[in-house]
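Single-structure report; data block below.
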Amino acid sequence: MLSVAETEKIILDLVKPFDPDIDSEILPLSQASNRILAEDIKSELDFPHWDNSSMDGYALRYADLENLQDLKLAIASGEIPAGANQLQTLAQGECMRIFTGGMLPVGADTVIMQEDTERVGAFLHFKVKPTQGEYVRRKGEFIKSGTILVAIGKKLGATEIGALASARCQYVKVYRQVKIAIISTGNELVSLENSQPLQLGQIIDSNLYALSTLVTQAGAIAIPFGTVRDDKAQLESVIRSAIAKADIVISTGGVSVGDYDYVDELLEKIGANIHVRSVAIKPGKPLTVASLTHSLNVNRSEAKILYFGVPGNPVSAMMSFWRFIRGAIAKMNGIHETYWYPQFIKAITSEDLHSQGRRETYLWGNLAYQKGNPVFQPVKNYSSGNLIGAIGTNAIAVMRVNQTYVSSGDEAIVMLI
Ligand code: AMP
Ligand code: MG
């Protein structure tokens, strides 16, 4: 049995990040939200494009204030609103009305804000002496044309999309989305679409829905392969077709030591390399991680297809996803390394946490901020088979191997999900 850290390393080492030349597509900027940039994008413009004012006020030459008895300047005729396209010139000893975003007149180097002035006839009186260069945004101060605005590997959130729009970038090259096949195995499973009454012993295949949601949230595309009976021939054929269509295959169920658990055996039969069979984690101990090269997969000739056989227990299946699969998707998708790992924070636990200490143990709960401090409240009646009990949770406390107890009021490590 491997440790969680060993398993995470094995998985990340198996993942080959997408090739920006092959595994990418060009999208209109409006459709690129949350995608990962597959090229450096340079700005063709200086930001700001010209010297301008960051306040409503008056533009002036700082040197004109040096030898004044009274702090006042003559007000030049005219004004400079945002969008005015004539560059004005400021005569010596004068100031000129300017508005936020207006182009700084030639000769001016400072803006005094309106609130710090008083107009008396043709003169402007200053309540305070401005500092030189105040409220002026200089051309190219934020970024010079020809330099990288957004770098390859960056996720395109609102800030990046807005910045790219301001740089007149209409199309972007982004990595394609990772394709993930989802297979549910088990004789007890019935598809949600099946309208027949449930027979004794049957349950709905909920893992398909939970995992598809997690896959989508991770920015990947879920390809459902339906529910498959614990039947070697049928399972083998579904696994083979999933491998042909996906970058990553996730199957749930059939990886324990039960008599109907065929996944590992079939993977070996079709030539997969099995790297992980079980992990010292609770829940989620049975975890099969395998890699395959498959000539049928035309997407990525050199890259390996990753296979994750996760437990059927709904809570365990999600745990395996959060702890191991999410990072693999991130790395494959070309995003920066800091996103390959789960995020952990420290939080005060509101109740005692217990673990047997033999495996790294993950306990569902709710993370909320009380007076600005993160507080973790574990769910009651926790069980790895009880998905219902985990409804509404947003975080998972982690207890390391050999850590059996965290007292209420003490700090716990909490994984954000
Ligand atoms: P297994 O890992 O196949 O031994 O399954 C462990 C438990 O998870 C059993 O109680 C199964 O009935 C349940 N289970 C397996 N697959 C699913 C599924 N797709 N959706 C919901 N529960 C499942
Ligand atoms: Mg099963």
Side-chain angles (χ1 to χ4, degrees), residues 1-2 7 180-218 220 222-239 241-242 246 248-269 272 274 276-290 307-325 359 361-362 364 379 381-391 393 396:
M1 195 155 50
L2 296 164
T7 307
I180 303 192
I182 300 176
I183 305 170
S184 306
T185 74
N187 287 342
E188 70 279 35
L189 301 179
V190 175
S191 160
L192 179 62
E193 279 134 47
N194 185 327
S195 55
Q196 301 294 314
L198 285 181
Q199 303 295 314
L200 275 182
Q202 291 186 327
I203 59 169
I204 298 294
D205 168 17
S206 63
N207 284 346
L208 169 65
Y209 290 84
L211 286 175
S212 298
T213 303
L214 294 178
V215 163
T216 310
Q217 285 172 350
I223 313 173
F225 272 81
T227 61
V228 185
R229 298 188 63 77
D230 293 315
D231 170 279
K232 284 188 197 171
Q234 198 196 347
L235 189 53
E236 180 181 339
S237 118
V238 173
I239 289 176
S241 46
I248 293 176
V249 179
I250 304 174
S251 67
T252 68
V255 284
S256 298
V257 290
D259 289 349
Y260 299 96
D261 295 333
Y262 300 134
V263 170
D264 285 23
E265 182 188 329
L266 291 174
L267 285 171
E268 273 165 351
K269 183 180 171 201
I274 299 188
V276 176
R277 289 176 198 270
S278 71
V279 186
I281 187 172
K282 189 176 184 224
K285 181 171 83 168
L287 173 71
T288 296
V289 181
Y307 191 104
F308 291 93
V310 307
N313 256 325
V315 169
S316 313
M318 291 172 72
M319 191 64 234
S320 303
F321 185 93
W322 277 313
R323 191 61 191 83
F324 300 116
I325 305 177
R359 293 183 263 152
T361 299
Y362 288 70
W364 259 247
V379 295
N381 306 324
Y382 178 79
S383 135
S384 72
N386 183 1
L387 185 62
I388 310 299
I391 288 176
T393 54
I396 306 179

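Start at 1 and go down the list; that is how both ligands and their atoms are numbered. Counting from 1, the numbers follow the sequence of the chain as shown.
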With sequence neighbours excluded, tell me which residues meet salt bridge (charged side-chain N to carboxylate O under 4.0 Å, His left out) with E268. R277
Applying side chain to side chain donor-acceptor pair (under 3.5 Å), which residue pairs with at least one partner in residues 186-195 are found, sequence neighbours left out? E193-Y209
Show me the short polar-atom pairs for ligand 1: any N or O of it lying under 3.5 Å from a protein N or O, with distances only.
{"from": "ligand 1", "atom 1": "2 (O)", "to": "G312", "atom 2": "N", "distance (Å)": "2.8"}
{"from": "ligand 1", "atom 1": "3 (O)", "to": "G254", "atom 2": "N", "distance (Å)": "3.2"}
{"from": "ligand 1", "atom 1": "8 (O)", "to": "G312", "atom 2": "O", "distance (Å)": "3.3"}
{"from": "ligand 1", "atom 1": "8 (O)", "to": "N313", "atom 2": "N", "distance (Å)": "3.0"}
{"from": "ligand 1", "atom 1": "12 (O)", "to": "E188", "atom 2": "OE2", "distance (Å)": "2.6"}
{"from": "ligand 1", "atom 1": "14 (N)", "to": "G312", "atom 2": "O", "distance (Å)": "3.3"}
{"from": "ligand 1", "atom 1": "19 (N)", "to": "D205", "atom 2": "OD1", "distance (Å)": "2.7"}
{"from": "ligand 1", "atom 1": "19 (N)", "to": "N207", "atom 2": "ND2", "distance (Å)": "3.3"}
{"from": "ligand 1", "atom 1": "20 (N)", "to": "S206", "atom 2": "N", "distance (Å)": "3.2"}
{"from": "ligand 1", "atom 1": "20 (N)", "to": "N207", "atom 2": "N", "distance (Å)": "3.3"}

Side chain to side chain contact (heavy atoms under 4.5 Å, CB included) between V310 and L287, worked out: CA-CA 5 Å; V310 307; L287 173 71; 3.8 Å; yes
Scan side-chain atoms only and decide if T288 and D264 contain a donor-acceptor pair under the 3.5 Å cut-off. yes
Partner residues of S241 under the side chain to side chain contact (heavy atoms under 4.5 Å, CB included) criterion, sequence neighbours left out: F225
How long is the span from the CE atom in M319 to the CH2 atom in W364, to the nearest 0.5 Å? 5.0 Å
